[in-house]
Amino acid sequence: MTTASDTTFDALWDYNDPAASEARFLTVRQTLGAAEDHARLMELDTQIARAQGLQGRFADALAMLEMIEGALRPDETRAAVRHQLEFGRVLRSSGSPEAARPFFERAQALAEASAEDRFAVDARHMVALVEPDPGRRISLMLDDLEFAAASSDPVAREWRGTLWNNIGMAFHEMGDLDDALDAFETAAGLWEEDDPKRVLVAHWMVAWTLRLQGRHAEALAAQEVLERAHQTAGTPGGYVQEELGELHLALASGPGAEDHRRLARGHFARAHELLLKELAGDPDRLARMKRIADGEEDD
């Protein structure tokens, strides 16, 4: 099994800003000689394609991936793995999950055969994500967890938090909030250890599930902690504001109803402002935030 990797491209990623990530990749690309660094050039190009796909530029991404396919050499295994992965991701993101599946399966097989554990786990989790049945998806991800836990590659082991988070989402889809909460709490503990940057997301998932269980006081306390954490970190926290709005709206049927309605309006107004660009593809959700922020009753 693989241990340390000389791949440095992943450190250039900001998945919240794929355009800036693409710009960084293109800058690095200019420093790579096509002859002496061909394998790394191919690998880098797969990440440029991924950044394009995340921007919704699917035609550009597919054109890049087709160019890579024609240029790959037989011994460029890691680049070949990443090529299959990113081809699948672009197909899935553009609305063709079934067409994406064979690419993820080939990436998994190639990565496992070449002991590239970190990419094998990535491919495995993508195979699970395109599985339409949530029960089957959970089974696949539990197998992926065993694979990740057994790896000597620390990057492969760091996938455990993501896998538990995805398991939680599958339980949500099945309507099993108790098991979803357990999965999200497990993910939070693993991210505390492996990926502290994602801890706020993990705790948001826990608090979101508490609200859906009707445990409003616990959820409110948790989201207020997250609000302060975002203020300290200087990060927007738009989804926290949205959840705080939902919680105060839910509490407006009890004592202090007018105060809760006033607080809900304020939180939804901030959420609308912070999420206006991010949720541009979900106008109904934005419209509801604006309607409540303006004092109209939620329907």
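The figures here come from the full heavy-atom set of this structure, side chains too, leaving out hydrogens, waters and symmetry mates. Owing to the predicted nature of the structure, the values given are computational and were not obtained by experimental measurement.
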J.: Which heavy-atom pair separates Ala187 from Asn165 by the least distance, and what is that distance?
T.: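 Taking Ala187 first and Asn165 second, the nearest heavy atoms are CB-N, 3.7 Å.
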J.: Could Arg29 and Asp45 be called an ion pair, given the rule that one side-chain N must be under 4.0 Å from one carboxylate O?
T.: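 Looking at Arg29 and Asp45, the cut-off is met.
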J.: Quick check: closest heavy atoms across Glu22 and Ala51, and the distance to 0.1 Å?
T.: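 For Glu22 versus Ala51, the nearest heavy atoms are CB-CB, 3.8 Å.
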J.: Quick one: pull up CG in Leu26 and CD1 in Ile48 and give me the separation to the nearest 0.5 Å.
T.: 4.5 Å
J.: Is it the case that the side chains of Arg198 and Thr162 hold a donor-acceptor pair, with the cut-off being a distance below 3.5 Å and no angle test?
T.: yes
J.: Check whether Thr27 reaches the backbone of Ala23 with its side chain - one donor and one acceptor, N or O, closer than 3.5 Å.
T.: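 Yes; judged by distance alone, with no hydrogens or angles, the pair exists.
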J.: Under 6.0 Å from the six-membered ring centre of Phe103 and within 45° of its axis: does the NZ or CZ of Arg106 meet both?
T.: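 Yes; both conditions hold, so Arg106 lies above the ring face of Phe103.
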J.: State whether Arg157 and Glu193 are salt-bridged, where the test is any N-O pair (Lys NZ or Arg NE/NH1/NH2 against Asp/Glu carboxylate O) under 4.0 Å.
T.: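 Here Arg157 does not pair with Glu193 in a salt bridge, since their nearest N and O are not under 4.0 Å apart.
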J.: Which pairs with one or both residues in residues 269-278 pass side chain to side chain donor-acceptor pair (under 3.5 Å), sequence neighbours excluded?
T.: Tyr239-Glu278, Gln241-Arg270, His267-Arg270
J.: For Asp178, what residues pass the side-chain hydrogen bond (donor to acceptor under 3.5 Å, both in side chains) criterion, not counting sequence neighbours?
T.: Gln213
J.: Look at the side chain of His248 and the backbone N and O of Gly245, then say whether any donor-acceptor pair between them is shorter than 3.5 Å.
T.: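 Side chain of His248 to backbone of Gly245, a donor-acceptor pair under 3.5 Å: no, none is there.
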J.: Sub-3.5 Å donor-acceptor pair from the side chain of His125 to the main-chain atoms of Met141, do we have one?
T.: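 Answer holds: no.
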J.: Determine whether Trp208 and His172 satisfy the following criterion, ring pair (Phe, Tyr, Trp, His ring centres under 6.0 Å), listing intermediate values before the conclusion.
T.: CA-CA 11 Å; Trp208 171 58; His172 255 280; 4.2 Å; yes
J.: Would you mind checking if Arg82 and Asp10 are paired as a salt bridge, meaning a charged N to carboxylate O distance below 4.0 Å?
T.: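 Counted as a salt bridge, because a side-chain N and a carboxylate O are separated by less than 4.0 Å.
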J.: For the pair Asp60 and Arg57, find out whether any cationic side-chain nitrogen is under 4.0 Å from an anionic carboxylate oxygen.
T.: yes
J.: What is the distance from atom CD of Glu227 to atom OG1 of Thr232, rounded to the nearest 0.5 Å?
T.: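 OG1 of Thr232 is found 10.5 Å from CD of Glu227.
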J.: So which heavy atom on Ala207 is nearest to which on Gln223, and how close?
T.: CB-NE2, 3.3 Å
J.: Report yes or no: is the cationic atom of Arg50 (NZ for Lys, CZ for Arg) under 6.0 Å from the centre of the six-membered ring of Trp13, at an angle within 45° of the ring normal?
T.: yes
J.: Please give me the minimum heavy-atom distance between Val28 and Thr31, naming the atom from each residue.
T.: O-OG1, 2.6 Å
J.: Check whether the side chains of Glu192 and His203 place a donor and an acceptor atom closer than 3.5 Å, and report yes or no.
T.: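 The criterion, which ignores hydrogens and geometry beyond distance, is satisfied for His203 and Glu192.
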